[in-house]
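These notes concern the structure reproduced below.
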Amino acid sequence: MNGMDIDEAAAFEQWESASQDRRPLSERAAAPAPYLDSLNPDQRKAVEALEGPVLVLAGAGTGKTRALTTRLAHLIHTRRAWPSQILAVTFTNKAAREMKERIGDLVGGTVEGMPWLGTFHSICVKILRRHAELAELKSTFTILDTDDQIRLIKQLLAAENVDEKRWPARLFASMVDRWKNRAQGPGQVPPDECGFANGRGAEFYQLYQDRLRVLNAVDFGDLLLHVVQIFQKNPDVLADYQNRFKYILVDEYQDTNVAQYLWLRLLAAEHRNICCVGDDDQSIYGWRGAEVGNILRFERDFEGAEVIRLEQNYRSTPHILAAASGVIAANKDRLGKTLWTDANEGEKVRLIGHWDGDEEARWIGEEIEAYQRGTRGHAARGLDDMAILVRASFQMRAFEDRFLTIGLPYRVIGGPRFYERMEIRDAMAYFRVAVSPDDGLAFERIVNTPKRGLGDKAQQSINWVARQHGVTLLEAARISAESGEGMTKKAAKGLGELVAQFDRWHVELAAPGANHVEIAGRILDESGYTAMWQVDKSPDAPGRLENLKELVQALEEFENLQGFLEHVSLVMDNDSDEPGEKVSIMTLHGAKGLEFPCVFLPGWEDGLFPSQRSMDENGVKGLEEERRLAYVGLTRAQDHLTISFAANRHIYGRWQSSLPSRFIDELPGNHVEVLTPPGLYGGGFGASAPGAGGYGAAATASPSGEPEGSVLEERAAQASTYNSPGWRRMAARRGEHGLGQPREARNLVVDAQAASRFEVGTRVFHQKFGYGNITEIEGDKLTVAFEKAGDKKVVASFVTEARATGGADDVPF
DNA sequence: CATCAGAATGTTTTT
DNA sequence: CATTCTGATG
C-alpha cells in the first residue's frame, strides 16, 4: 500500500508547515517538552506511558481532556508517530472539535494533518467509503437518519402484512439498534430476542438489511457493524489499518458499546498501544448500549495493561467532592477512586425541601438573583456561571415559566436540534432528491408535502409501479403521473409537475458554475414548500420560515449541495445561541463534561430521581446508573451546590406527592447544610400537618465527627416534630429496610431468589403501583396486571409477594 | 383524501 | 397538562 505512505507524508508535511516551530524535527524531539511541567505526577504518567495498553481512570474534574490532548501532542512531539498514524476517537463532534483545538494550541499549529481524529461514526464512514464493496455497497452510500429508518421499516412491515399496532416500527428499530450496538448481524441474533412479530425478528432484520443494501444506504448502527464485519472477514484490510494505527486513544471509554469495543480491540491487536480514558462512575448511557463492563474488564482484555488513576480534582470544593463521593460509594460495581483536592473548604452543599415544584422554581429564581447581586459575602456572579440540572426535560418548564415571569434570561440546552426540525428535514429531502434522483426515501417524504392530493393509496400505487418496473420511486412517479393510474386527475397533474421540477433542478445543479444557494432557495419556492408555511396560520409558522432562511444561508459555506448533505448527516450540531449572560437549564445527561460555579439540582424525589422507570426496567443496574447520574450532577459544581426536592409536584396535570430521593439519604451529613424555605409557616417539606416541623426546624446538620451519617436520619433523630405523613411513611420504610442498610443490598438478595419465588398468578405488591397479579415471567422481569395501574413490566426485585393481611410493605398513611 | 375530535401516552440522547 | 396519534366523519 504505497499510496498510503504518500498520503501520510503529504499530510505530515502539511501539518509541519502549519506548525510555527521552524527548527528541524530532530532538535525539537530532543528539546524538553515544556507542556509536561504543568501536569501533576499522575497526569504526567498518563502522558508518558506511551507503550502498551493503558487505562486512565479519570475522575470528574481531574484534567482528563488535558492529559489526553497532552498525550497526543507528546506522541507527535517525540516523533513516535506521525499524526496520521494516531487514531483518536471521541463520542461527539463537539469533543472531537475541542480536542483538535487544544492540540492545535499545544503544538502551535493547525491539526489538519490529523486525519484520524474524530467520532467513532465519522471515522467509520471514512473507512467504509474506502471498502464499501466489501459490505456490498457503493462508496456513495447514503446515511439514513432516524426518520428515514422508521419509514423504511414501516414499508417493510406493511409489505410483510404485520399489524403495525401490535408490532410498532419504533420497537423494531430499537431492537435493530440494540443488535447493531452489539455488532450482531441478522445471523447472530440470539433466538430469545426474536420475539418480534411472532418470532420473525431475525428474519425481518435480514429483510431490513437487504433493503438497505438495495437502497445503497446505511443507518447509524451499520457504520460500526459493517466496519467490524469487514475487519473480521478481510484480514488483509484489517492488517492494513492495524499497521497504520501505531497509537490509539479513546475518550469517554465508559460509554463504548460492544461494537465499538470490538472495533477497538481489532485495531489495537497489532501495536497494542491503546490508551483508553474514562470514568466508570460517569457511565450514564447504558440505556443506549454503553457497556460499563468494557471499562471494568479492561485489565483482563488487554493483558499487562497499566492503570493510572487521576484523582486530584481541580474543579470542586472539598464539601462538594465529599457529597459526591458519599453518594457514589453506595454503588457496588465500580473500580473505585478517591477524589481529593487542596482547594479551600468553601461552603457546604445546601439542601432544601419545598412544598411544591412551583415554589422550588420560585426559590431557585431568587437564589440566582442573589448570586447575581453577590449577597452573603460572595462575589457577584454572572448568569453564565449558573446552571440548573434536571433529570427529565419536562422539569424544565417550571423554570422557564418562572424565569419568563421574572425576566431572568435563560438558555435551554439540548432542546430539539436545528436539523431535526420538521421543516429542515423536509427541505433537505427536497435537496436530496434534486441531488440524487434515486433517493426514494427522501422523495417519499416530500411527495405530498405540500399537499398535492396524493394520499396513502396513490403512494402505494407508485411504490407498486416502482417494484413492477424495477425503477426508482421518482421514475415510477413519472410513469404514474403520465398514465394517471391509481390517483385522481388532480394528483396526477401535481405529481407530473413535481417530477418535471426535479428534472430541471437536477440539471441546474449539475451545470458548471451552478449557484447552489440560489437554486436551493428556488427549490423551496417553486415546490410550493415556502408558500405552505406562509399560508399556515399556526403560531410557529413564522419561526419555521425563519429556520428555512437560515438553512439556505448555511449553504453558503459549502461548495455544493452534496457536500452540505454529507456534512449534515454526521455533524448534527446546533451551536446557534444568541450572546448574552444566561442561566443554563439542561438535563443531567446534557451536563456531562461541563462545569459551573453555581449548580442547582432540583427534583431529588424518589420516582423522579432516581427515576421509577429505570428502577422498574433495569432493577439494581438501573438504580446504579441513576446514582452515577447523581454523581455526574454533583461533580458539575465548582463552588456552590444546592440540592432541592418538593413534596408535591404537578406532573401530567395531576398532583403527585413524593418522598425525598434516596440519594439524599446517602449524602454525608457533615458536608450538608439544611436550609429553611422562606415564607412558610413551620417549614417546608411535610408541613401539611399542623405543627409539623418539616425541614425548617434546625439550622446546620450533624455534629461533625460522625462520618457518613445520613442527613435525613439525623434530621429525624433530632427533631420530635416530624409527625407529618410523609415523614412517618419514610420512617416506616426505613425501618423495613433496616437502619443504615443500603437499600440495594437488600434488592440484590431478593434478586437471587426472585425468579424462583414467583409464578404466574401470584399476587404481588409494588411500592408505586400497588397490588396486582403476575401474568407473565421473563427471567427476572415480570409482567403484572396491577389493579389500579394496569399492565406493567417490572423487575422481580421490586415487588413482594402480597400477604393476606397488610404486611410490612403496607405502610400506614 | 382531508379534517377534526377524541384517545392514548408520556425519561435520559448521540451518531 | 400537552402533545401526538388514531379513527370516524365530511
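Note that these values count all heavy atoms, side chains included, but never hydrogens, waters or copies made by symmetry. Chain identifiers are assigned alphabetically (A, B, ...) following the order of the sequence lines, protein sequences preceding nucleic acid strands; residue numbering begins at 1 within each chain.
Within the nucleic acid shown, G653(A) comes within 4.0 Å of at least one base atom, counting heavy atoms only.
With dT11(B), dC1(B), dT15(B) as the choices, the nucleotide that has an atom nearest any side-chain atom of T146(A) turns out to be dT15(B). Nearest nucleotide to the side chain of A458(A), out of dT13(B), dC1(C), dC1(B): dC1(B). Of the candidates dT13(B), dA2(B), dT15(B), dT15(B) carries the atom nearest the F220(A) side chain, counting heavy atoms from C-beta on. Distances were taken from every side-chain heavy atom of H650(A) (C-beta onward) to each of dC1(C), dT12(B), dT15(B); the shortest belongs to dC1(C).
OP1 or OP2 of dT15(B) sits under 4.0 Å from a side-chain N or O of N93(A). Look at T587(A) and you'll find a side-chain N or O under 4.0 angstrom from OP1 or OP2 of dT13(B). Checking the phosphate oxygens (OP1, OP2) of dT13(B), no side-chain nitrogen or oxygen of R417(A) falls inside 4.0 Å. In this structure, Y652(A) reaches the dT11(B) phosphate: one of its side-chain N or O atoms is under 4.0 Å from OP1 or OP2.
Side-chain to base pairing of R391(A) with dT11(B): no donor and acceptor N or O lie closer than 3.5 Å to each other. With hydrogens and angles ignored, no donor-acceptor pair under 3.5 angstrom links the side chain of T92(A) to the base of dT15(B).
Across the C1' atoms, dT12(B) and dC5(C) are found 23 Å apart, a figure rounded to whole Å. One C1' atom belongs to dT6(C), the other to dT11(B), and the distance between them is 24 Å to the nearest Å.
Using a 4.0 Å cutoff on non-hydrogen atoms, no part of residues 251-260 of chain A comes near DNA chain B. Interface residues of residues 397-404 of chain A facing DNA chain B, ordered by number: none; criterion, heavy-atom separation under 4.0 Å.
Here Y285(A) does not count as stacked on dT12(B), because the ring centres are not under 5.5 angstrom apart with planes under 30°.
Here Y410(A) and F399(A) keep their ring centres 6.0 angstrom or further from each other. The ring of H226(A) has its center no closer than 6.0 angstrom to the ring center of F141(A).
For K126(A), the NZ atom sits in a packed shell: over 12 heavy atoms of surrounding residues, nucleotides or ligands are nearer than 6.0 Å.
Classification of the Y529(A)-W533(A) ring pair by plane angle, with boundaries at 30° and 60°, yields perpendicular.
Summary of the strand contacts: L223(A) and L629(A) both lie near DNA chain B, and taking for each the nucleotide with the nearest heavy atom, the more 5' one is attributed to L629(A).
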Review point. Yes or no on side-chain hydrogen bond (donor to acceptor under 3.5 Å, both in side chains) for R182(A) and Q184(A), after CA distance, side-chain angles and deciding distance?
Key: CA-CA 5 Å; R182(A) 293 191 303 225; Q184(A) 291 169 326; 3.1 Å; yes
